[in-house]
Number of protein chains: 2
Amino acid sequence: MSENGAAVRNTRQRSAVSALLGEMEGFHSAQDLHAMLRQRGERVGLTTVYRTLQGLADAGEIDVMRPPGGEHLYRRCSEGHHHHLVCRACGRTVEVAGPAVESWADRVAEQHGYADVSHTLEIFGTCPACVR
Amino acid sequence: MSENGAAVRNTRQRSAVSALLGEMEGFHSAQDLHAMLRQRGERVGLTTVYRTLQGLADAGEIDVMRPPGGEHLYRRCSEGHHHHLVCRACGRTVEVAGPAVESWADRVAEQHGYADVSHTLEIFGTCPACVR
DNA sequence: GCGTTTTTGACAATCATTATCGTTGCCACG
DNA sequence: CGTGGCAACGATAATGATTGTCAAAAACGC
């Protein structure tokens with residue numbers, strides 16, 4: 001029996017995924033990460049990669065982005081809340097913080113009586129290198 | 001020869017989809033809309049519904065939202081740029097405008113040299129009726 | 001070490017969206 | 001008014017990422 005159900009175990013696969021994310025720059029899809037782990041010789045199932053990523057996302061350790069195109073992209077981000085400026089062409093990403101936006105969103109939501117507020121914001125553009 | 005390549009033809013199906021969206025409140029998935037058209041006796045293919053919605057979205061006549069859950073939701077919105085405050089529980093939606101956010105996003109993007117800027121913003125919360 | 005419980009992982013299932021491709025109907029021009 | 005080109009249509013198949021399943025393996029507490 002026991003009382004708490006939060007028994008998160010420390011497994012080789014979980015470490016591998018987490019470590020890989022630590023070294024990567026930019027966003028990668030679950031399938032990308034799975035392929036990379038395979039190349040390194042890590043034996044990890046695709047299912048596990050998905051589960052691990054979801055777990056990390058729930059724990060707030062990584063960010064998830066759903067670009068128009070279907071695939072979910074994951075990335076280890078600096079902690080705290082922030083948003084992303086993504087290049088349409090090359091995918092280059094810049095983290096941006098917008099305290100003003102945060103408070104604006106909260107304020108608007110509360111004005112309408114909405115509670116437990118969260119939001120998603122992505123900015124898309126063409127980066128300097130790709131403009132030419 | 002010719003001047004504009006916008007040879008958009010005026011078809012029964014396009015009108016039907018557009019008209020239906022005009023009467024609907026809130027967001028609906030492509031498959032929803034297709035089912036409703038069928039119920040009305042309109043004979044429209046699912047493929048065409050998707051194509052038409054994409055066309056309308058490109059033309060800026062409707063809004064697309066990609067909620068966590070996979071389905072794309074479409075809605076005829078008041079013209080102009082705005083965002084949505086969506087209830088997690090019941091889906092009730094409020095349109096909100098945030099000029100400050102718009103300009104902030106543009107400014108941030110330009111500071112980083114990004115051109116041709118757009119953005120997506122959704123606010124999620126629990127509406128008053130669902131809080132209890 | 002031992003038993004319990006979580007986690008893993010191969011595979012199948014799901015399901016929205018997209019591609020295909022022959023057919024249909026709109027539109028413009030003769 | 002008739003005709004031809006060309007885009008739109010639509011049924012079906014294909015795609016492809018994500019989720020469910022469940023027996024086997026591994027971790028943790030003792």
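Residue numbers begin at 1 in each chain, while the letters A, B, ... track the order of the sequences.
Although no hydrogens or angles enter the test, the distance criterion places a donor-acceptor pair under 3.5 Å between the side chain of B/Arg88 and the main chain of A/Asp116. Not one N or O on the side chain of A/Thr48 forms a donor-acceptor pair closer than 3.5 Å with the backbone of A/Val44.
Between A/His82 and A/Val96, the shortest heavy-atom contact is CB-O, 3.5 Å. Scanning both residues, A/Leu85 and B/His112, for their nearest heavy atoms gives CD2-CB, 3.8 Å. Nearest heavy atoms, A/Gly98 versus B/Trp104: CA-CZ2, 3.5 Å.
For the segment residues 15-24 of chain A, the set of residues with a heavy atom within less than 4.0 Å of an atom of DNA chain C is empty. Remark: B/Thr47, B/Tyr50, B/Gln54 in residues 47-62 of chain B come within less than 4.0 Å of DNA chain C through at least one heavy atom. Using a 4.0 Å cutoff on non-hydrogen atoms, the parts of residues 27-42 of chain B near DNA chain D are B/Arg38, ordered by number.
Ring geometry, A/Tyr74 versus A/His72: the interplanar angle falls from 30° to 60°, so the pair is classed tilted.
Over its full length, the helix from C/dG1-D/dC30 to C/dG30-D/dC1 turns its helical axis through 40°, comparing axes from the five pairs at each end and rounding to 10°.
Not one side-chain nitrogen or oxygen of A/His72 sits closer than 4.0 Å to the OP1 or OP2 atom of D/dA17.
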Candidate pair A/Glu102 and A/His81, rule side chain to side chain donor-acceptor pair (under 3.5 Å), full reasoning: CA-CA 9 Å; A/Glu102 319 296 327; A/His81 190 74; 3.2 Å; yes
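In this structure B/Asp106 satisfies the salt bridge (Lys or Arg N to Asp or Glu O under 4.0 Å) test with no other residue, sequence neighbours excluded.
Between A/Leu20 and A/Met36 the shortest side-chain heavy-atom distance falls below 4.5 Å. Taking the side chain as every heavy atom from C-beta outward, B/Gln13 and B/Val17 never approach each other to under 4.5 Å.
Considering CE of B/Met65 and CG of B/Leu73, their distance stands at 5.0 Å, rounded to 0.5 Å. Once rounded to the nearest 0.5 Å, the distance linking OH of A/Tyr50 with OG of A/Ser29 reads 7.0 Å. A distance of 4.5 Å separates NE2 in B/His84 from CD in B/Glu95, rounded to the nearest 0.5 Å.
Here B/Arg40 pairs with B/Glu23 in a salt bridge; the nearest charged N to carboxylate O distance falls below 4.0 Å.
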N/O contacts under 3.5 Å, protein versus nucleotides 24-30 of chain D?
from   : atom 1 : to     : atom 2 : distance (Å)
D/dA27 : N3     : A/Arg9 : NH1    : 3.0

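Between A/Leu46 atom CG and C/dA12 atom C1' there is a gap of 13 Å when expressed in whole angstrom units.
In the set C/dA16, D/dC9, C/dT8, the nucleotide with an atom closest to the side chain of B/Arg14 is D/dC9.
Linking ILVMFWY residues whenever their side-chain heavy atoms come closer than 4.5 Å, directly or via other members, places B/Val64 and B/Leu53 in the same cluster.
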